[in-house]
**Q** 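Shown below is the structure under consideration.
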Number of protein chains: 2
Amino acid sequence: MKLKSMDISATASASSIVFDALRKAIIEGQLEEGEPLRQDEIARLFNTSRIPVREAISRLEEQGLVKTQRYKGAVVAGLSPRETEEIFDLRTLVEPEIIRNAVPLMSKDILVQAREKCAAFSASSDPMEWGDLNRDFHETLYSASNLKFFLEIAHNAIDRVERQIRAQLVMSNGMERAGREHFGILEACETGNAELAAKLTREHIQGAKKSLLAHLPLS
Amino acid sequence: MKLKSMDISATASASSIVFDALRKAIIEGQLEEGEPLRQDEIARLFNTSRIPVREAISRLEEQGLVKTQRYKGAVVAGLSPRETEEIFDLRTLVEPEIIRNAVPLMSKDILVQAREKCAAFSASSDPMEWGDLNRDFHETLYSASNLKFFLEIAHNAIDRVERQIRAQLVMSNGMERAGREHFGILEACETGNAELAAKLTREHIQGAKKSLLAHLPLS
DNA sequence: ATAAACTAAATTGGATCCAATATTCAATAT
DNA sequence: ATATTGAATATTGGATCCAATTTAGTTTAT
């Protein structure tokens with residue numbers, strides 16, 4: 001008997017591991033905006049050389065998560081209030097389209113998962129979890145969509161404002177409002193009402209934007 | 001008297017030079033879809049080592065212009081008809097917003113430039129130029145916008161279908177229709193009619209999409 | 001003859017080394 | 001004291017080398 005190529009979950013390349021770890025640290029806010037990313041230091045942290053680190057950093061720059069200057073290195077990218085607003089406007093344009101496309105494609109299983117995540121979000125009392133649970137809920141609904149490029153853009157846009165989203169959730173009313181709106185979106189999905197789900201998603205994002213900008217300087 | 005820092009236009013890094021050259025070669029169709037990108041060969045072409053080449057390729061992958069497999073290398077990315085359609089739908093969503101935003105911000109100078117490029121496009125009889133001239137016209141109008149993230153996305157989306165756009169221009173009616181529609185968009189911009197410019201841009205893109213898909217297999 | 005198994009060449013991923021530039025900080029001049 | 005110059009250090013960009021993996025070609029077994 002012949003063994004077919006097993007495709008053992010090919011251990012990721014060092015550069016991908018570094019990329020994922022840095023991306024996570026940035027969007028979760030563990031690395032502060034403006035903080036320099038020293039190649040040597042990161043390489044030591046991951047027991048690799050600087051080569052994979054440089055590759056990871058250049059990919060992060062392509063995603064807008066870090067900014068680099070020749071011979072000066074990379075720092076965690078930040079957003080001006082103006083730029084934050086634009087990212088939310090971009091999300092307002094793209095994400096309702098994703099939901100509209102996704103609703104007719106949502107399997108029973110996806111909806112069950114979404115309901116669980118929606119409940120977990122509302123039930124959580126640990127602010128450290130809120131960001132992940134919030135994103136988890138939205139990702140679950142979006143995952144039913146087959147618009148891969150729209151999804152790419154939404155993911156990247158969310159990445160860039162994830163730090164602010166997490167701050168917004170801990171603001172007064174942040175969790176309460178988000179939880180309420182999540183249930184509304186979920187219900188629209190469950191009843192197959194794509195237009196309503198899109199509309200509520202749009203309002204959800206615009207609401208977050210307003211709430212965020214109100215608490216930002218010179219907005 | 002004191003001399004202020006001159007900021008001599010710092011010669012670009014090798015990886016950026018390679019990145020720009022490969023990107024250009026890909027979107028212009030000089031590198032065929034599926035064609036492997038050998039690090040060693042490219043390094044020799046640019047008189048550098050493979051390190052900057054690898055960085056360039058990883059950035060191109062982040063932009064979706066190449067696809068890489070671990071230990072197998074990178075190939076020029078292609079799009080299925082389905083994916084091509086989605087990219088055009090994305091453009092249909094984003095670019096009208098850019099124009100709507102840009103119209104009130106268009107200086108006299110921008111409009112003069114746009115008119116020149118519009119004329120140059122319609123006047124050109126060299127198919128090798130059509131792609132550049134077409135993109136040049138749109139870029140000029142878009143450049144008045146201050147929506148940097150929207151622009152990022154539009155640029156990337158156009159990059160990914162530039163090859164097909166060029167093919168579409170040489171198709172029957174391609175140039176004729178594009179030229180006509182360009183004049184319409186330009187006129188709307190000149191008269192400050194942002195809504196009309198947005199509507200015509202939408203139709204321009206949707207028209208290109210339909211014309212393209214009609215000539216594609218299993219569309 | 002065909003297919004599996006093995007070997008050699010090609011190719012990529014990563015480590016180490018060197019060059020180019022920036023940064024720090026002490027020494028000097030005003 | 002403050003600003004300027006100049007070495008010493010730190011940091012990045014790139015070249016060269018080695019290891020891991022794939023691919024091509026050859027041999028061998030059935």
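Excluded from the calculations below are hydrogen atoms, water molecules and symmetry mates; all remaining heavy atoms, backbone and side chain alike, are included. Numbers restart at 1 for each chain; the letters A, B, ... are given by sequence-line order, proteins then strands. These figures come from a predicted structure and were not determined experimentally.
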**Q** Starting at CZ of Phe46(B) and ending at C1' of dA15(D), how long is that distance when rounded to a whole Å?
**A**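 Taking CZ of Phe46(B) and C1' of dA15(D), I get 18 Å after rounding.
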**Q** What does Ile57(A) touch in the nucleic acid at a heavy-atom separation under 4.0 angstrom: a base, only the sugar-phosphate, or nothing?
**A**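 If one applies the 4.0 Å heavy-atom cut-off, Ile57(A) turns out to touch nothing in the nucleic acid.
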**Q** Starting at CD of Glu55(B) and ending at C1' of dG14(D), how long is that distance when rounded to a whole Å?
**A**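 Taking CD of Glu55(B) and C1' of dG14(D), I get 10 Å after rounding.
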**Q** At their closest point, which heavy atom of Ile26(A) faces which heavy atom of Leu31(A), and how far apart are they?
**A**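 Looking at all heavy atoms of both residues, the shortest contact is CG1-CD1, 4.0 Å.
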**Q** How many whole angstroms separate atom CZ of Arg44(A) from atom P of dA10(D)?
**A**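 Rounded to the whole Å, the gap is 11 Å.
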**Q** Is the closest side-chain donor-acceptor distance between Thr92(B) and Gln206(B) under 3.5 Å?
**A**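 Yes, Gln206(B) and Thr92(B) have a side-chain donor paired with an acceptor closer than 3.5 Å.
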**Q** For dA10(C) and Arg38(B) - does any side-chain N or O of the residue sit under 4.0 Å from the phosphate oxygens OP1/OP2?
**A**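 Answer is no, no contact under 4.0 Å.
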**Q** Taking the side chain of Ser13(B) as its heavy atoms from C-beta onward, which of dA22(C), dG14(C), dG14(D) lies nearest to it?
**A**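 Closest of the options to the side chain of Ser13(B): dG14(D).
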**Q** For the pair His182(B) and His138(B), name the ring-plane relationship: parallel under 30°, tilted 30 to 60°, perpendicular over 60°.
**A**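 Aromatic pair His182(B)/His138(B) classed perpendicular.
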**Q** Select from Pro52(A) and Leu37(B) the residue whose nearest nucleotide in DNA chain C is closer to the 5' end of that strand.
**A**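 Taking each residue's closest nucleotide, the earlier one in sequence belongs to Leu37(B).
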**Q** When only distance counts, do a donor and an acceptor, one from the side chain of Arg54(B) and one from the base of dG14(D), lie under 3.5 Å apart?
**A**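 Looking at the base of dG14(D), it does not pair with any donor or acceptor on the side chain of Arg54(B) (distance under 3.5 Å).
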**Q** Measure the distance from CZ on Arg70(B) to C1' on dA20(D) and round it to the nearest whole Å.
**A**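 Answer to the nearest Å: 9 Å.
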**Q** Can you check the Lys72(B) NZ to dA9(C) P distance for me, whole Å?
**A**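 Rounded to whole Å, this separation is 22 Å.
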**Q** Roughly how many Å is it from CD1 in Ile42(A) to P in dT12(D), rounded to a whole number?
**A**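 Taking CD1 of Ile42(A) and P of dT12(D), I get 8 Å after rounding.
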**Q** dG13(D) phosphate, OP1 or OP2: any side-chain N/O from Gln39(A) under 4.0 angstrom?
**A**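 It does, given that an N or O in the side chain of Gln39(A) lies less than 4.0 Å from OP1 or OP2 of dG13(D).
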**Q** Do Arg50(A) and dG13(D) share a donor-acceptor pair, side chain to base, under 3.5 Å?
**A**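 By the distance-only test, yes, there is a pair.
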**Q** Measure from OH on Tyr71(B) to P on dT12(C) and round the result to the nearest Å.
**A**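 These atoms are roughly 12 Å apart.
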**Q** Between Ser58(B) and Glu55(A), do the side chains contain an N or O donor and an N or O acceptor separated by less than 3.5 Å?
**A**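 Per modelled atom types, Ser58(B) and Glu55(A) side chains form no pair under 3.5 Å.
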**Q** What is the distance, to the nearest angstrom, from the CG atom on Asp40(A) to the P atom on dT21(C)?
**A**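 Taking CG of Asp40(A) and P of dT21(C), I get 20 Å after rounding.
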**Q** Quick check on DNA chain D: between Ala74(A) and Ile51(A), whose nearest nucleotide comes earlier from the 5' end?
**A**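 Mapping each residue to its closest nucleotide by heavy atoms, the 5'-most match is Ala74(A).
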**Q** Using distance alone, with no hydrogens and no angle criterion, decide if Thr140(A) and Gln113(A) have a side-chain donor and acceptor under 3.5 Å apart.
**A**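 The criterion, which ignores hydrogens and geometry beyond distance, is not satisfied for Gln113(A) and Thr140(A).
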